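What follows is a short report on a single structure.
These numbers were taken from a predicted model, which means no experiment stands behind them.
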Amino acid sequence: MEKTDLISLQHSIYEGGMEDSISITQHALGTGIGAKTILNDGLIKGMDKVGVDFKTGELFLPEVLLAARAMKASVKILRPLLVDSGFEPIGKVILGTVKGDIHDIGKNLVGMMLEGAGFEVIDLGSDVPPEEFINAIEKENCKVIGISAMLTTTMMGMKETIIKIEEHGILAKVKVMIGGAPVDPEFAKRIGAFYSSNASEAVDLAKKLIAL
């Protein structure tokens, strides 16, 4: 029964069926399947397929958002059990939209995809000043931060944030990844950051940066 539940959960995540995902998650727990197994072999595998098909153009943004929503609903059920079992995420990522920018759809999707891949996400929200990133880096002791911007008028805030982190003496501790409509690889290189063009790429990038 375990394999059937996990495959069904993968499918419901891929299809964006939030109610089905919740029901299958609860049923799997009721039959004795561990929370870690449900996360790794159900949710993460389902989101992995979403990420692959998003890259190839088989899935589009609305479908990815639905899948991420379904995954997040199941993770909410599992989280207390994972904490009690001492489960360790594969890494911790701080996310935030740069100061002066209130757009957060892309950033939120990245966060959900990262959670679906097994990361712990600390989401600082939007309009985040450099000082909040600095405080979070020190508090959470994380290796990766993600900064987004959707406006050409705010993208230079990414550079300002990196400068402030460097001035604070902690830039060597973290890797910075950036994304958003006005951002490109050349800009990322100029300000000393890593670039991802979409949420799926952001997950792959975060995995690489965590391993450095």
Side-chain angles (χ1 to χ4, degrees), residues 47-48 50-65 68 90-138 140 142-212:
M47 288 303 293
D48 281 347
V50 170
V52 170
D53 287 356
F54 183 46
K55 282 183 183 178
T56 60
E58 291 183 50
L59 289 181
F60 298 96
L61 183 58
E63 295 165 305
V64 176
L65 286 169
I90 64 173
K92 188 184 294 186
V93 180
I94 293 169
L95 295 180
T97 305
V98 74
K99 182 180 178 181
D101 200 324
I102 61 171
H103 296 85
D104 63 1
I105 293 176
K107 182 262 300 172
N108 291 346
L109 178 57
V110 169
M112 289 188 286
M113 293 287 280
L114 285 168
E115 285 189 341
F119 284 89
E120 179 183 350
V121 175
I122 295 89
D123 190 343
L124 303 180
S126 56
D127 190 20
V128 182
E131 294 75 20
E132 282 193 38
F133 281 107
I134 291 168
N135 291 338
I137 292 167
E138 293 183 325
E140 301 295 342
C142 79
K143 294 176 63 176
V144 178
I145 68 170
I147 311 173
S148 68
M150 282 297 292
L151 305 171
T152 54
T153 53
T154 60
M155 61 188 287
M156 289 308 296
M158 294 174 163
K159 180 178 180 180
E160 178 189 352
T161 299
I162 292 173
I163 290 173
K164 292 289 187 182
I165 293 171
E166 185 173 24
E167 288 176 350
H168 205 75
I170 57 175
L171 186 59
K173 296 180 180 179
V174 297
K175 300 292 187 295
V176 181
M177 60 182 193
I178 64 173
V183 183
D184 58 30
E186 290 73 23
F187 176 74
K189 187 175 181 180
R190 287 204 308 273
I191 68 172
F194 297 86
Y195 170 77
S196 64
S197 64
N198 59 56
S200 182
E201 282 189 13
V203 172
D204 293 339
L205 178 58
K207 289 178 179 178
K208 292 176 183 176
L209 296 180
I210 284 288
L212 292 179

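Minimum heavy-atom separation, Val183 to Ala149: CG2-O, 4.5 Å. Taking every heavy atom of both residues into account, Ala68 and Met47 meet most closely at CA-CE, 4.1 Å. Residues Ile90 and Ile210 come closest through the heavy atom pair O-CG2, 3.7 Å. Phe119 and Val203 get closest at one heavy-atom pair: CE1-O, 4.5 Å. What you find for Lys207 and Asp48 is that their closest heavy atoms are NZ-OD1, 4.4 Å. The minimum heavy-atom distance linking Gly111 with Val121 is given by the pair O-CG2, 3.6 Å.
Residue Ile170 places its CD1 atom among more than 12 non-hydrogen atoms of other residues, nucleotides or ligands, all under 6.0 Å distant. Counting non-hydrogen atoms of other residues, nucleotides and ligands closer than 6.0 Å to CD of Glu166 gives a total of 12 or fewer. Annotation: Lys159, atom NZ; neighbour count of heavy atoms from other residues, nucleotides and ligands within 6.0 Å does not exceed 12.
If you take CD1 on Ile147 and NZ on Lys99, they are separated by 13.5 Å, rounding to the nearest 0.5 Å. For the atom pair NZ (Lys189) and CG (Asp184), the distance works out to 12.0 Å, reported to the nearest 0.5 Å. Here the CD1-CD distance, from Ile165 to Glu160, works out to 10.5 Å after rounding to the nearest 0.5 Å. Distance CD1/Ile162 to CZ/Arg190: 12.0 Å, rounded to 0.5 Å. Note that CE of Met177 is 10.0 Å distant from OG of Ser148, once rounded to the nearest 0.5 Å. Separating the CE atom in Met113 from the CG atom in Asn198 is a distance of 8.0 Å, to the nearest 0.5 Å.
By the 4.5 Å heavy-atom criterion applied to side chains, Phe187 and Met158 are counted as neighbours. A heavy-atom distance below 4.5 Å is not found between the side chains of Val93 and Val110. Residues Leu171 and Val176 have side chains in contact (heavy-atom distance under 4.5 Å, counting atoms from C-beta outward). At least one side-chain heavy atom of Leu65 sits less than 4.5 Å from a side-chain heavy atom of Met112. Between Glu186 and Tyr195 the shortest side-chain heavy-atom distance does not fall below 4.5 Å.
Panel note: side chain Asp101, backbone Asp127; no donor-acceptor pair is recorded below 3.5 Å. Glu63 places a side-chain N or O within donor-acceptor distance of the main-chain N or O of Phe60, the cut-off being under 3.5 Å. Checking side-chain atoms of Lys175 against main-chain N and O of Lys208 turns up no donor-acceptor pair under 3.5 Å. Looking at Lys92, its side chain does come within 3.5 Å of a backbone N or O of Glu140 through a donor-acceptor pair. Listed for the Glu201 side chain is a donor-acceptor partner under 3.5 Å among the backbone atoms of Ser197. Side chain of Asp104 to main chain of Thr97: no donor-acceptor pair is present (N/O by atom type, distance under 3.5 Å, no hydrogens or angles).
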Derivation and outcome, side-chain contact (heavy atoms from CB on, under 4.5 Å), residues Ile105 and Asn108
CA-CA 5 Å; Ile105 293 176; Asn108 291 346; 5.7 Å; no

Should Ile191 and Ile178 be marked as a side-chain contact (heavy atoms from CB on, under 4.5 Å) after you check the CA-CA gap, both sets of side-chain angles, and the distance that decides it?
CA-CA 10 Å; Ile191 68 172; Ile178 64 173; 3.9 Å; yes

Show your reasoning for whether side-chain contact (heavy atoms from CB on, under 4.5 Å) applies to Leu61 and Leu109.
CA-CA 9 Å; Leu61 183 58; Leu109 178 57; 3.2 Å; yes

